[in-house]
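Values in this document were obtained by computation on a predicted structure and should not be read as measured data.
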Amino acid sequence: MLKLKKKVSTDLKQKEEEIEKKIENLLIKEEIERKRQEQKQPQQQQQQQPENENNINNSYNNILIGFGKNNLKSDIFLEKEKEIIEAQKEKEKLEKRKETIKLVKEEYMEKMKNDIGNQQRLKLYNRLKSHQKSRIGTRLLNKKKSENLSMVGRNKYEPFEKSLENNEEKVIEKFIQQEEPLTFQERIDLHLHSFQIHLRNNLFKSNYPMVYNNLNGLVLSKQSMEIIEKSIEEENFYTIISMAREYYQDQFKKGNLVYRYTFEYMKKNSKLWRFFQLLENADFNHQIDPLDFSEMIRVFLELDQIHSAEMISSNMQSFFQNFYPDVFVHFFEYYNRQPGATVTSVTSEFLTTFKFNSYNEKDINEFQTRRIQKKRELYLKEKEKEKENQIETEKENQIENEKDNNSQQSDETNKEEIDEEKDEKNNQHINMLTNEEKEFYGNLAKEDEFRDVPVRNIEMFKSILIHCYKNGYIEFAENLEDFMEEEGVTLDLEMFNSKLKYQAYKGRMVNEIFLNFGDFIIPTDTETTTTTTTTTTPTTPTTPKKNQKKPKTEFIGNSQTFLAINYFQLIVQKNIDVALSVMNRLKKQWSFKLNTFILNQLIFGLSRLNKIDQAIKYYKMLPTSTNGIQSKIMNQSVLLYTMAYYNHPSSSLITFIKDNNNIIGTGTGGDLFDKVTLDLIIYGYLLDNKFKQDQHIKFIQQQQQQQQQQQQQQQQQQQTNNTNNNNNINNNNTINYTNMLDNLIQVLNYLKDESLITKLDKDSIDFIFSRLLLLKNNYNIKPSPTEFKLLKQLIK
C-alpha cells in the first residue's frame, strides 16, 4: 500500500507539470496571433491615409471658413483625449482578457486535476479489487486461523475460565436469526459460560443445563406459528396454553415464546380483548395453572404491557388462584429495568403491587383462629341440640305407641313441621356465620371454605430474597427485609444461608470462626431456626441437647450452610485438604448428609484442580433421581473436559464413557454422543496450557537425562552397580507423559467405531488442523504416523 501511494503522488506531480506547460504554450500562441493582427492593422491604415488626408484638407478649409483658426486648438485637444480614452479602454480589455485567461486556466487545471485524480482512483480501485479477488481464499483461511489461534491464549491457567460475561445475548441472537451457524469458538464460549452459571445456580439450590443443548427452545417453528394463528381465529386458547407448557424454561432471560407470539399477534389483529373476556369465565380459569398465569404476566411485562399484566393478576385474585412467588419476581425485574430506575423507586413500586396482590400473614391467622372458634361454638351448640332432639324423640316414641293409626299420621305431620323448623334455625345460624366471615375479611371466605390466596409469609419472601442475593440486588433485599420486620416476619436459617452464599460467591471469607465468633445465635432445632443480630434479643433454647458440651450461643448450621463454607474453601481458596476436613467434621457436628448440590460442588472443585479420581468417587455417589440424572449429565461434561485439559490418557476417558454411555449418549441429529462434550474434549486436549507446558518440559528434561546416562554407561561400562542405582532413582521420578494429539485421535476413533459420532463438522476440523500446525512449530509435538492415518479417516 505504501508503494502504491508513493507512485500515485509522483504521477500526479508529473501530470501537473505537463498541464502547466500546455497552458503556457496556448497562451504564447494566442499572443503571437494577437501581434500578427496588430501588424496587419497599420498596413491597412497606410493604404487608407491618402484618402483620409484629402478628406481632412477639405474639412479643414471648411472649418477655417466657418469658425476661424482660433478654434482649431480645442478640436485637437479633444481628439487627443479620445485617443487616451480609447487606449485606456484597450488596456481594460486586455486586463479583463488576462483575468478571463487566468480563470479559464484555473478551471482547466482543476478539471484536469480532478480527471487525473479520478483516473488514478479508478486505477487504484481496480488494482485493489483485483488484489482482493486474488487473495480472498487466503484471507478467509487466515481469518479462520486467527479465530482459532485467538483461543490459544485462553484457559492458560484455569480450565473453567469466565467467558461471555455480558455477550451471551449476542450469541443467542445470532442463533435465533439463523443466518450463519455458530462457530467452534462461539460454541466453546457458550459451554464455558454454562459451567459458570451451573456453579452459581448450584450454590443457590437450582440446576442449570447446557445452553447449547437448549437453544432450539428459543426458536418457534412456522408450523407452530400457524397452529397458534389458527387457534386464535377459532378462539381455542386452551391448545395455545398446552403448547406453551412445552416451552417452559428457566435458563434464558426471555419469556415463553408461545405466549409472546400469541399476544403480539392478538394485539396486531385487535383480538386481545377477547382473551381477557374469556378469562372472566370460571371454567376457562380452572383449566389454567398458576404457572401459566405467571408466564403470561412475565411475557406481558417483557412487552411493556403492564396494564395487561395487572389485569391478569386481578383476575387471579377474583378466581382465588394461587400466586407463585415468581410473579412478584417478574414485577420486580420490570420495575428494575425501567430507564432512570433507582433503588427507592423500585422498592416503592414493588411494594405497592406486592401489598395489593397479597395478604398479611397476621390478618389471615386472626381470621383462621376466629373462624375456628366460631366452628367450635357451632359444634357445641349442635351437640346440645342433638341431646335435646334425642330426649324429644324418646317422648315422641312413647306417644306414638299409645295412639292409633290416625293419630300417628297427625303426629308425623307435626314431627315434620318440627324438623323443618329446626333445620331452618340451623341454616339461619350458618348463613349468619358466613356473612360475618365475608364482612370480616372480604372475599377470602366463601361458603365457609378458606381459599388459596397469596400470603406474605416467610416462603413468599424467601423466593424473592434468594433471587435478589443470587443476582446481586443487595440494596433492594435490605429494603425488603425492613418491610418483613414491619410485617412481623423473621428470617430463618435458609435466608441466612443465602446471605452467606452471596458472601462466598463474591470471594469473601466464610468459615466456622466467622460464624462462631460473630453475632449470629441460632436455636438448636435447625428446622425452626431464626437468625438475630446484636440489635435484637438472642433466642436461646430452653432444653439443651444431652451430648452438647459447647455453649448454647454456638452457631449450628445445616447442609446449605456448609455449601457456602465449602464454596469459599474449595472454589475460592482452592484448598482441598481444608475443605475435606471441614466437611468430615461438620457432617458429624451438624448431622447432615451429602446431597446433590454438595456433590456437584465437590466434583466441580476437585476436577478443576486435577483431582479426577476423588471427583469420580463423589460422582458415583449421585442419586438416581431426576435431579441426580440432570446433575450427572452436567458433571460428565465437567469430568471429561478436565481430563482432556490435564492431558489424561485416552484409556481413562474411554473407560469413563463406557461406564456412562447410557447417559452421555444424548446427542442430537445422527450422533448419539453429546455435541457439547465432544467440543469440550477437542478443545481440552488441544490447549497448550501451563500444566501441559510444564509436563512437556519435564518430559524433555527426562529424555535428556536418559541420553546422558546412556552416554555415561557407554563410557563407563565398569561401574555397572552405580549406573543401575542411578537408573532406579530416575525411574522413580519418571513422568507419565502421553502425546495429547494421540490421545485425542484415539478417543475420536473410539467414538466413531462405536457409532457414537458419524463425522466431525468443518469448524472442528479447522480448529484441529490449526492447532496441529501450532503445536508442531512451537513445541515439535505431532501425532504418530498411525494416529495421523486415523485422523485422515475421521475427516473423510
Side-chain angles (χ1 to χ4, degrees), residues 206 217 220 224 228 231-232 235-267 271-337 349-359 364 442-444 446 449-457 459-464 466-467:
S206 62
L220 201 64
S224 57
I228 291 167
S231 57
I232 289 169
E235 294 185 355
N236 190 4
F237 293 106
Y238 185 71
T239 57
I240 296 171
I241 292 166
S242 60
M243 186 188 297
R245 288 171 183 170
E246 297 176 358
Y247 282 84
Y248 286 160
Q249 50 83 19
D250 294 328
Q251 60 268 24
F252 300 117
K253 297 178 181 179
K254 291 187 177 181
N256 197 297
L257 292 175
V258 176
Y259 289 135
R260 178 182 284 272
Y261 185 78
T262 301
F263 296 147
E264 287 178 348
Y265 181 82
M266 284 195 291
K267 187 179 180 181
K271 292 186 177 182
L272 198 60
W273 64 273
R274 182 58 182 159
F275 174 72
F276 285 104
Q277 190 176 8
L278 284 170
L279 279 178
E280 296 176 358
N281 189 2
D283 295 331
F284 183 68
N285 269 274
H286 289 305
Q287 293 177 353
I288 303 174
D289 296 333
L291 184 59
D292 299 328
F293 282 115
S294 176
E295 289 292 320
M296 290 176 190
I297 290 169
R298 180 182 180 182
V299 172
F300 274 125
L301 292 173
E302 286 178 356
L303 296 172
D304 291 331
Q305 299 179 17
I306 189 168
H307 296 294
S308 300
E310 289 175 348
M311 287 172 68
I312 290 177
S313 63
S314 62
N315 181 77
M316 292 172 71
Q317 281 188 352
S318 61
F319 285 96
F320 304 103
Q321 288 284 351
N322 190 10
F323 273 67
Y324 274 18
D326 294 335
V327 173
F328 300 110
V329 172
H330 300 329
F331 275 106
F332 164 71
E333 290 289 343
Y334 171 76
Y335 295 133
N336 194 30
R337 66 173 173 262
E349 289 174 349
F350 175 78
L351 289 178
T352 52
T353 56
F354 191 42
K355 290 176 183 177
F356 181 77
N357 293 309
S358 61
Y359 301 94
I364 291 173
N443 56 6
L444 291 181
K446 189 177 181 182
E449 291 179 359
F450 189 77
R451 299 285 183 178
D452 291 329
V453 293
V455 183
R456 292 195 295 270
N457 55 11
E459 297 298 327
M460 181 69 75
F461 283 105
K462 193 182 292 183
S463 58
I464 302 167
I466 288 172
H467 176 78

Quick check for you: to the nearest 0.5 Å, what is the distance between [X] atom [atom1] and [Y] atom [atom2]?
X      : Y      : atom1 : atom2 : result
Tyr334 : Glu349 : OH    : CD    : 8.5 Å
Ile288 : Met316 : CD1   : CE    : 9.5 Å
Asn315 : Phe284 : CG    : CZ    : 9.5 Å
Asp283 : Leu278 : CG    : CG    : 11.0 Å

Practice problem: Could you pull out all residues at least two apart from Glu280 that satisfy salt bridge (charged side-chain N to carboxylate O under 4.0 Å, His left out)? | Solution: none
Exercise. For Lys271, enumerate each residue passing the salt bridge (charged side-chain N to carboxylate O under 4.0 Å, His left out) test, keeping only those at least two apart in sequence or located in another chain.
Key: Glu233
For the residue pair [X] and [Y], what are the closest heavy atoms and their distance?
X      : Y      : result
Pro325 : Ile464 : O-CG1, 4.4 Å
Ile297 : Val327 : CD1-CG1, 3.7 Å
Ile312 : Met296 : CD1-CB, 3.8 Å
Arg337 : Leu301 : NH2-O, 3.0 Å

Quiz item: Parallel, tilted or perpendicular for Phe263 and Phe300, by the 30°/60° rule?
Solution: parallel
Quiz item: Going through the checks in order, is the side-chain contact (heavy atoms from CB on, under 4.5 Å) test met by Lys355 and Arg456?
Solution: CA-CA 9 Å; Lys355 290 176 183 177; Arg456 292 195 295 270; 4.2 Å; yes
Without swapping roles, check the side chain of [X] against the backbone of [Y] for a donor-acceptor pair under 3.5 Å.
X      : Y      : answer
Asn457 : Met460 : yes
Arg298 : Asn256 : no
Asn357 : Ser314 : no

Quiz prompt | Gln305 and Leu272: CA distance, side-chain angles, deciding distance, side-chain contact (heavy atoms from CB on, under 4.5 Å) verdict | solution = CA-CA 12 Å; Gln305 299 179 17; Leu272 198 60; 4.2 Å; yes
Self-check item: Full working for ring pair (Phe, Tyr, Trp, His ring centres under 6.0 Å) between Phe328 and Phe354
Solution: CA-CA 7 Å; Phe328 300 110; Phe354 191 42; 4.8 Å; yes
Quiz prompt | Residue from Ile232, Ile228, Val299 passing side-chain contact (heavy atoms from CB on, under 4.5 Å) with Tyr261 | solution = Ile228
Exercise. Show your working on salt bridge (charged side-chain N to carboxylate O under 4.0 Å, His left out) between Glu264 and Lys267 and close with a plain yes or no.
Key: CA-CA 5 Å; Glu264 287 178 348; Lys267 187 179 180 181; over 6 Å; no
Quiz item: Please walk me through it: do Phe275 and Thr262 pass side-chain contact (heavy atoms from CB on, under 4.5 Å)?
Solution: CA-CA 10 Å; Phe275 174 72; Thr262 301; over 6 Å; no
Self-check item: Residues Phe293, Leu291; criterion side-chain contact (heavy atoms from CB on, under 4.5 Å); working and verdict
Solution: CA-CA 5 Å; Phe293 282 115; Leu291 184 59; over 6 Å; no
Quiz item: With sequence neighbours left out, which residue pairs that include part of residues 236-246 fulfil the salt bridge (Lys or Arg N to Asp or Glu O under 4.0 Å) condition?
Solution: Arg245-Asp289, Arg245-Asp292
Practice problem: Could you tell me whether Phe276 atom CZ has more than 12 heavy atoms of other residues or ligands within 6.0 Å of it? | Solution: yes
